[in-house]
> 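Structure incoming, see below.
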Amino acid sequence: ATAIRNAQLLTEMQQALHAYDQERYLLNTLLENIPEQVFFKDENGKYIRISQSYAQNIGIQSPDQAINQSDDQLVEPTLVEKNQIELENVLTSRQPIQRQEKSIKEGQPVWYDISRIPMLDQENLPVGVLGITRDITELKLAEELAKHRALHLRIAQEIARDTSSTLEMDTLLRNATQMIHDRFDFYHASIFILDSLGEY
């Protein structure tokens, strides 16, 4: 019976080790290839693991260089206090936070979607924070472009409505030109009319 139980324990241990190796492989593959910037910090603010994309963002070659390091050793000094306050808030409240933040990079605006998630142990005590930062600049630019185009369509509709109230050609052209100039904020606006032969 003891030999059978030992064999079962050995099999269970081998299965657990195999499952651990597989989970570790999957996590490593994810952290090496994910475009989002991901980090795990302990309750003291020291890095446990980071993704390759986060390592590149903070200017280090390998994610392993960040292990057991804190923000004051890796990130810009302007971010250290902000990151520490954020860590304390998440650990104290035990609630995730999510926000969007805009910064300027190489003279261009860059938008980020930032999530900070508390890591809790089996007793519901905070043991660290999972951070995920996603670049949403393209999405924001597309939103702004869509808003800009929608505004232009609305202005064009208003101009068409307002100028159609008169049938006198000179008044119609003058009003349309003035409205286009004013509402689209153009430097200059003109309307040219062709003769019946389309020459002049």
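Basis for what follows: all heavy atoms, side chains included, without hydrogens, waters or symmetry-related copies.
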> Out of curiosity, Glu23 CD to His18 NE2, how far, rounded to the nearest 0.5 Å?
10.0 Å

> Can you name the residues that form a side chain to side chain donor-acceptor pair (under 3.5 Å) with Asn68, not counting sequence neighbours?
none

> Scan residues 95-104 for pairs that pass salt bridge (Lys or Arg N to Asp or Glu O under 4.0 Å), counting only residues two or more places apart or in two chains.
Lys82-Glu101, Glu86-Arg99, Arg99-Glu101

> Taking only residues two or more places apart in sequence, or in another chain, which ones meet Leu120 in a side chain to side chain contact (heavy atoms under 4.5 Å, CB included)?
Arg94, Pro118, Asn124, Pro126

> From Asp185 CG over to Ile180 CD1, what is the distance, rounded to the nearest 0.5 angstrom?
13.5 Å

> For residues Leu91 and Glu88, determine if any side-chain heavy atom of one lies less than 4.5 Å from a side-chain heavy atom of the other.
no

> Quick one: pull up CZ in Arg134 and CD in Gln98 and give me the separation to the nearest 0.5 Å.
8.0 Å

> With sequence neighbours excluded, what pairs up with Thr133 under the side chain to side chain contact (heavy atoms under 4.5 Å, CB included) test?
Gln37, Tyr112, Ile114, Arg116

> With a cutoff of under 4.5 Å between side-chain heavy atoms, which Ile, Leu, Val, Met, Phe, Trp and Tyr residues group with Tyr54?
Phe39, Tyr47, Ile50, Ile58, Ile60, Leu74, Val75, Leu79, Val80

> Strictly by salt bridge (Lys or Arg N to Asp or Glu O under 4.0 Å), give each pair with a member in residues 188-200 just once, sequence neighbours left out.
none

> Under a single-linkage definition using a 4.5 Å side-chain heavy-atom cutoff for Ile, Leu, Val, Met, Phe, Trp and Tyr, are Leu17 and Leu10 assigned to the same hydrophobic cluster?
yes

> Scan for salt bridge (Lys or Arg N to Asp or Glu O under 4.0 Å) pairs involving residues 5-21, sequence neighbours excluded, and state none if there are none.
none

> Let me have the donor-acceptor pairs involving side chains of residues 138-154, under 3.5 Å, with sequence neighbours excluded, atom names and distances please.
residue: Lys140; atom: NZ; partner: Gln100; partner atom: OE1; Å: 3.0
residue: His148; atom: NE2; partner: His152; partner atom: NE2; Å: 3.4

> Okay, side chain of Gln178, backbone of Asn175: is any donor-acceptor separation there less than 3.5 Å?
no

> If the condition is ring pair (Phe, Tyr, Trp, His ring centres under 6.0 Å), which residues does His188 pass it with, not counting sequence neighbours?
none

> Is the side chain of Ser53 donor-acceptor paired with the backbone N or O of Glu36 at a distance under 3.5 Å, no angle test?
yes

> Under a single-linkage rule joining Ile, Leu, Val, Met, Phe, Trp and Tyr whose side-chain heavy atoms are separated by less than 4.5 Å, which residues share a cluster with Leu130?
Leu27, Leu30, Leu31, Ile34, Val38, Phe40, Ile48, Ile117, Met119, Val127, Ile132

> Taking atom CD as the centre, does Gln8 end up with more than 12 heavy-atom neighbours from other residues, nucleotides or ligands that are less than 6.0 angstrom away?
yes

> With sequence neighbours left out, which residue pairs that include part of residues 46-72 fulfil the salt bridge (Lys or Arg N to Asp or Glu O under 4.0 Å) condition?
Lys41-Asp71

> Could you tell me which residues satisfy salt bridge (charged side-chain N to carboxylate O under 4.0 Å, His left out) with Asp182, sequence neighbours excluded, listed by chain and number?
none

> Measuring from atom CD of Gln14 to atom CG of Leu9, what distance do you get when rounded to the nearest 0.5 angstrom?
11.5 Å

> Measure across Ala189 and Thr177 and return the closest heavy-atom pair with its distance rounded to 0.1 Å.
O-CG2, 3.1 Å

